[in-house]
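To start, the structure itself, in structure tokens.
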2 protein chains.
Amino acid sequence: MGLAKTEMFTDEQNEISLFAKVFGHPARIAILQHLFKINSCVCGDLVDEIGLAQPTISQHLKELKHLGLIKGNVEGTSVCYCIHKENWTAMKTVMNEFLNQDLTEKQDCC
Amino acid sequence: MGLAKTEMFTDEQNEISLFAKVFGHPARIAILQHLFKINSCVCGDLVDEIGLAQPTISQHLKELKHLGLIKGNVEGTSVCYCIHKENWTAMKTVMNEFLNQDLTEKQDCC
DNA sequence: CATATTAATCGTAATATTGCAATAAACAAA
DNA sequence: TTTGTTTATTGCAATATTACGATTAATATG
């Protein structure tokens, strides 16, 4: 099928999986890491930095933008991208809450 | 294509994306949350808890197990699953390092 | 205006993921 | 051994993702 039955899960579960999904490709991790690394914003440099074709990078940027994790600013013929700080922080809260669940009290089964 | 060119990315980028990928489906989030919630371990209860067919749940469990995030203990005819604490903690370290990158010094582009 | 530059979009091929019915495998109990 | 119970595997259909060539859109520059 390839179709996740989102209606049978909680909003939280769907939200976490949507964020995780966008992190589920190394090119998008590379894009985000590069945006974190350089202080100023980049655009087509990402195509050189990462070894993928321009349409492919553009597509990955679109997905990141669609989830609100980055924003793009048109400057002449080029577009300058950067991390969307507020949304990134909000995403972090959701993800950290899931990842940092308490394990100490749990007893092992095996 | 549908094929990520893993060889052009760093080990870290590939590792992060692999972890994220497994979190990229709400059913697997639901499974993990349930394993966190109940103190003792579960097996076929997950099929009832989540609304998916038994082979589907089994497949999701397989992926979680393959990444080492859970472990299964055979008890008679049933299998008891639980979070793999050590591996979960190790995964958390990798993911937190990526998610919690410093944003304060970065200037906005837009 | 014509031309270059840059990024987005379209179209398409290759591959991956999801879900489940059917079946198999493993084990317990009668 | 037979039967029931539980989980894993197989096979397949439907859908999603990834990558990129070709093209378009937008803007700058001569």
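We name chains A, B, ... by the order of the sequence lines, and we start the count at 1 in each one. This one's a predicted model, so the numbers in the text were calculated from it and none came from an experiment.
- B/Ile83 places none of its side-chain heavy atoms less than 4.5 Å from the side chain of B/Leu69.
- Within the nucleic acid shown, B/Ile57 has no heavy atom closer than 4.0 Å to any nucleic acid atom.
- Per the geometry, CG belonging to B/Leu52 stands 11 Å off P belonging to C/dA21, to the nearest Å.
- Within residues 15-32 of chain B, the residues having any heavy atom closer than 4.0 Å to DNA chain C are, in order of number, B/Lys21, B/His25, B/Arg28.
- Within the 4.0 Å cut-off from OP1 or OP2 of D/dT17, not a single side-chain nitrogen or oxygen of A/His60 is found.
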Under 3.5 Å, which donor-acceptor pairs do the side chains of residues 42-50 of chain A form with other protein atoms, sequence neighbours left out?
{"unit_1": "A/Glu49", "atom_1": "OE1", "unit_2": "A/His34", "atom_2": "NE2", "d": "3.4"}

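- In this entry the distance linking CD of A/Glu75 with P of D/dT29 reads 13 Å, nearest Å.
- Within the structure, the salt bridge (Lys or Arg N to Asp or Glu O under 4.0 Å) test picks out the following pairs touching residues 59-69 of chain B (sequence neighbours left out): B/Arg28-B/Glu63.
- Taking atom CG of A/Asn73 as the reference point, atom C1' of D/dT27 lies 14 Å away to the nearest angstrom.
- Every side-chain contact (heavy atoms from CB on, under 4.5 Å) that B/Ala53 has, sequence neighbours left out, goes to B/Pro55, B/Thr56.
- No side-chain heavy atom of A/Ile29 sits less than 4.5 Å from a side-chain heavy atom of B/Phe9.
- Contacts of A/Glu63 with the nucleic acid, taken as non-hydrogen atoms under 4.0 Å apart, involve only primed sugar atoms and P, OP1 or OP2.
- Scored by the side-chain hydrogen bond (donor to acceptor under 3.5 Å, both in side chains) test, A/Asp11 finds no partners at all (sequence neighbours excluded).
- For the pair B/Leu67 CG and C/dT17 P, the interatomic distance rounds to 12 Å; values are reported in whole Å.
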Problem set entry | Base-contact (B) and sugar-phosphate-only (S) positions in nucleotides 1-9 of chain D, heavy-atom cut-off under 4.0 Å, - elsewhere | ----BSBBB

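- Legend: salt bridge (Lys or Arg N to Asp or Glu O under 4.0 Å) pairs involving residues 82-98 of chain A, not counting sequence neighbours: none detected.
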Can you list, pair by pair, the side-chain donor-acceptor contacts under 3.5 Å of residues 13-27 of chain B, counting residues two or more places apart and other chains?
{"unit_1": "B/Gln13", "atom_1": "OE1", "unit_2": "B/Thr10", "atom_2": "N", "d": "3.0"}
{"unit_1": "B/Gln13", "atom_1": "OE1", "unit_2": "B/Thr10", "atom_2": "OG1", "d": "3.3"}
{"unit_1": "B/Gln13", "atom_1": "NE2", "unit_2": "A/Gln33", "atom_2": "OE1", "d": "2.8"}
{"unit_1": "B/Asn14", "atom_1": "ND2", "unit_2": "B/Thr6", "atom_2": "O", "d": "3.0"}
{"unit_1": "B/Asn14", "atom_1": "ND2", "unit_2": "B/Thr10", "atom_2": "O", "d": "3.2"}
{"unit_1": "B/Ser17", "atom_1": "OG", "unit_2": "B/Gln13", "atom_2": "O", "d": "3.2"}
{"unit_1": "B/Ser17", "atom_1": "OG", "unit_2": "B/Asn14", "atom_2": "O", "d": "2.9"}
{"unit_1": "B/His25", "atom_1": "ND1", "unit_2": "B/Ala27", "atom_2": "N", "d": "3.0"}

